[in-house]
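Proteins come first, then strands; the chains are lettered A, B, ... in the order of their sequence lines, and each starts at number 1. Model, not experiment: these values are computed from the prediction.
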Number of protein chains: 2
Amino acid sequence: MKPALIRNGEQPGESETERAARLIRCAGARATPARVRVLRLLRSAPTALSHHEIEQSLGDLALDRVTLYRVLDWLVATGLAHRNADTRRTFRFSAASSSEHSAHTHFRCDGCGRVFCLDAAPPPPPKLPEGFLLSRIELDLRGRCAQCAGSAQ
Amino acid sequence: MKPALIRNGEQPGESETERAARLIRCAGARATPARVRVLRLLRSAPTALSHHEIEQSLGDLALDRVTLYRVLDWLVATGLAHRNADTRRTFRFSAASSSEHSAHTHFRCDGCGRVFCLDAAPPPPPKLPEGFLLSRIELDLRGRCAQCAGSAQ
DNA sequence: GGGTATCTGCAACTCGGTTGCAGATACCCG
DNA sequence: CGGGTATCTGCAACCGAGTTGCAGATACCC
């Protein structure tokens, strides 16, 4: 849902920041630096990020641990982001894309735990036991990412 | 405990216990009551169980927390069981089946977190980024199980 | 039945995530 | 532009899942 936009970009950086801020306000909350920075980061990340990775990426101006958790929770609650537990049982967050679909394909690395979002074709619709409600399909590929496969293990 | 006996299955119960013990010995370890009981439980469970659920199921004669973790780790290490993080980021364990395949289909309930193993058809082979190694494919269905869908949420 | 490597149970610890509360601030409104 | 207030942030303390180290118990080999 992005209504066409508005200010045609000034600096690409500013433009993206503005967009994140707008998405947040649309969701009915204050566009605080914490939220804007986190959402912008998620939107530009190629993989789903863990709490720890996000903290690192924010660098020196890192937020308080708790604030970051709350920002992430809020993003997930409003649907601006998704949350998944990785193979090492830590949560990973990714921005919800506009081309959001209920079927997703991920690659989960058994080495480093990272999650890569693939564009692969959506899997076929399955049949479920009686009474079960389906809300989302996810195809999960497990193995080692290029980096982990390269290094001896 | 577990008075001896009866090799060559008679009572179905005993038989299953004996089988679990044999699997454990085959894997090169001692068939202690702790391991036998846990493996037997996993093998008879319809869904993947959490550490907590296993503790409950063992009832009064429950093992020490740590022992249970170690038994589970050992089962996973030897390949007799599988471990998965559920949507609430706790590990769930299931017995490895003899008809083991590298492609699996699970239903994960967003309500209670339980994981159901379905026999659904294996998904089609995907294409991966350069350098990635695939070891396993898993089709993940998300939604609500019959029980959680039934109760108001 | 005895000896010993392997297991078990206890206690203390780590780590990811959560809760409560006081102080700060984005945003509405005049 | 400045003030008031509901919303956010940061701190500190907490919780629950999982892990580690070690002393005592025990399955299994002989």
- Task: Report yes if a side-chain nitrogen or oxygen of B:Tyr69 is closer than 4.0 Å to either non-bridging phosphate oxygen (OP1 or OP2) of D:dT19; otherwise report no.
- Result: no
- Message: Looking at C:dC27, I'd like to know if its phosphate oxygens (OP1 or OP2) sit under 4.0 Å from a side-chain N or O belonging to A:Arg25.
- Response: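 Checking C:dC27 against A:Arg25, a side-chain N or O does come within under 4.0 Å of OP1 or OP2.
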Can you check the [X] [atom1] to [N] [atom2] distance for me, whole Å?
X: A:Asp86; N: C:dC15; atom1: CG; atom2: P; value: 16 Å
X: B:Arg83; N: D:dT19; atom1: CZ; atom2: C1'; value: 11 Å
X: B:Leu49; N: D:dA17; atom1: CG; atom2: P; value: 15 Å
X: A:Arg70; N: C:dA24; atom1: CZ; atom2: P; value: 16 Å
X: B:Ile24; N: C:dT6; atom1: CD1; atom2: P; value: 17 Å
X: A:Arg92; N: C:dG17; atom1: CZ; atom2: C1'; value: 15 Å
X: A:Phe91; N: C:dT18; atom1: CZ; atom2: P; value: 6 Å
X: A:Arg89; N: C:dT14; atom1: CZ; atom2: P; value: 16 Å

- Task: Using heavy atoms to find the nearest nucleotide of DNA chain C for B:Val66 and A:Asp73 separately, return the residue whose nucleotide is more 5′.
- Result: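 Result: B:Val66.
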Answer with base, sugar-phosphate or nothing: what part of the nucleic acid does [X] contact at a heavy-atom distance below 4.0 Å?
X: A:Thr90; answer: sugar-phosphate
X: B:Thr32; answer: sugar-phosphate
X: A:His51; answer: sugar-phosphate
X: B:Arg35; answer: sugar-phosphate
X: B:Arg88; answer: nothing

- Are A:Phe91 and A:His51 an aromatic pair by the rule of ring centers under 6.0 Å?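 No, ring centres 6.0 Å or more apart.
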- State whether the distance check finds a donor on one side and an acceptor on the other, under 3.5 Å, for side chain B:Arg65 versus base C:dG9.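 Donor-acceptor pair under 3.5 Å: no.
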Are [X] and [Y] close enough for a salt bridge, meaning some N to O gap below 4.0 Å?
X: B:Glu53; Y: B:Arg114; value: no
X: A:Asp140; Y: A:Arg142; value: yes
X: A:Glu55; Y: A:Arg65; value: no

- Message: Going by purine N1 to pyrimidine N3 plus the second Watson-Crick contact, or the G-U wobble pair, all under 3.5 Å, which nucleotide sits opposite C:dT4?
- Response: D:dA27
- Task: State the pairing partner of C:dT14; accept Watson-Crick or G-U wobble contacts with both distances under 3.5 Å, and report none otherwise.
- Result: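 Check on C:dT14: paired to D:dA17, both distances under 3.5 Å.
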- Assign each of A:Arg30 and A:Pro33 the nucleotide of DNA chain D bearing its closest heavy atom; nearer the 5' end lies the nucleotide of A:Arg30
- Query: Starting at the 5' end of DNA chain D and moving along, which residue's nearest nucleotide shows up first, B:Phe93 or A:Trp74?
  - Reply: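 Here A:Trp74 is the residue nearer the 5' end.
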- Candidate nucleotides C:dG9, D:dT9, D:dC11, ranked by approach to the side chain of A:Asp64 - the nearest: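 The answer is D:dC11.
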- Task: Consider the side chain of A:Ala29, meaning its heavy atoms from C-beta on, and name the nucleotide among C:dG9, D:dC8, D:dA13 that approaches it most closely.
- Result: D:dC8
- Query: Is NZ or CZ of A:Arg83 both nearer than 6.0 Å to the six-membered ring centre of A:Phe93 and within 45° of the ring axis?
  - Reply: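 No, A:Arg83 does not sit over the ring of A:Phe93.
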- Does a donor on one side chain and an acceptor on the other come within less than 3.5 Å for A:Thr17 and A:Arg40?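 Yes - a donor-acceptor pair under 3.5 Å links their side chains.
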